Amino acid sequence: RVFQNLVGNALKYGAGGGWIGIRAARAGGHVEVRVSDRGMGIAPGDQARIFDPFYRAPGVVAAQIQGAGLGLSLVKRIVEAHAGRILLESAPGEGSTFTVVLPIVTGDAADGRRHDRHAASLDRRVAELSDRLAHHAPITMRVSKEAIRRLLHAGLPDGDDLVRAC
């Protein structure tokens with residue numbers, strides 16, 4: 001989702017030519033991924049607030065570019081949840097570069113943390129989707145939590161797809 005949002009923003013706010021640069025490199029114990037565009041750029045006064053929920057720079061609003069101002073705040077939260085950080089380099093009329101810096105975690109520690117996070121996340125999604133399904137069809141459909149878990153593992157991307165599939 002992080003890179004989907006950053007690339008989507010590069011397309012949305014980039015110049016009409018649509019040039020986007022994506023680079024990834026290992027830097028010590030981190031990996032850095034840069035997403036760049038040659039678009040309208042972000043004014044220095046707006047850069048401090050660009051990751052705030054619902055913030056939209058005045059130039060973006062004036063240009064009538066659609067959006068809710070949530071994408072970059074979500075990107076920041078996701079990156080920070082993975083013990084990373086996001087950096088911004090930008091100048092008006094020259095474009096922007098967002099750099100995502102994530103730690104490289106290896107070995108048993110990585111496997112244990114990944115498994116614990118995945119299991120907790122999966123349990124939350126199973127409970128949420130079970131409640132949603134019960135709400136949509138309380139009498140005609142009963143779906144066990146184990147069936148939901150199997151469907152999620154099968155790759156259904158979100159709860160709406162699961163509701164439609166059932």
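What you see below is based on every heavy atom in this structure, not just the backbone, and it leaves out hydrogens, waters and symmetry mates. Bear in mind the structure is a predicted one, so any value in this text is a computation, not a measurement.
In this structure, the separation between OG on Ser96 and CD1 on Ile42 is 3.5 Å, given to the nearest 0.5 Å. The CD1 atom of Ile22 sits 13.5 Å away from the CZ atom of Phe98 when rounded to the nearest 0.5 Å.
The minimum heavy-atom distance between Pro103 and Ala83, with the atom names listed, is CD-O, 3.3 Å. Of all heavy-atom pairs between His30 and Ile104, the closest is O-CD1, 3.5 Å.
Here salt bridge (Lys or Arg N to Asp or Glu O under 4.0 Å) pairs that include residues 83-93, with residues two or more places apart or in two chains, are Arg34-Glu89. For residues 71-80, the set of pairs meeting the salt bridge (Lys or Arg N to Asp or Glu O under 4.0 Å) definition, not counting sequence neighbours, comprises Lys76-Glu80.
Arg49 pairs by the salt bridge (charged side-chain N to carboxylate O under 4.0 Å, His left out) definition with Asp52, not counting sequence neighbours. Annotation: side-chain contact (heavy atoms from CB on, under 4.5 Å) contacts of Leu102 (sequence neighbours excluded): Val31, Val79, His82, Val100. Ser36 is linked by a side-chain contact (heavy atoms from CB on, under 4.5 Å) to Trp19, Thr97, counting only residues two or more places apart in sequence or in another chain. With sequence neighbours excluded, the residues that form a side-chain contact (heavy atoms from CB on, under 4.5 Å) with Ala43 are Asp46, Pro92.
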Would you give me the side-chain donor-acceptor pairs under 3.5 Å for residues 4-11, sequence neighbours excluded?
residue : atom : partner : partner atom : Å
Asn5    : OD1  : Asn9    : ND2          : 3.2

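Both Phe3 and Ile20 belong to a single network of hydrophobic side chains, linked directly or stepwise wherever heavy atoms of I, L, V, M, F, W or Y lie under 4.5 Å apart. Val2 and Leu87 end up in different hydrophobic clusters when Ile, Leu, Val, Met, Phe, Trp and Tyr side chains are linked at under 4.5 Å.
By the 4.5 Å heavy-atom criterion applied to side chains, Arg23 and Val33 are not counted as neighbours. Ile86 has its side chain out of reach of Val101: every pair of non-hydrogen atoms, C-beta onward, lies at least 4.5 Å apart.
In this structure, Glu94 contributes its side chain and Gly41 its backbone to no donor-acceptor pair below 3.5 Å.
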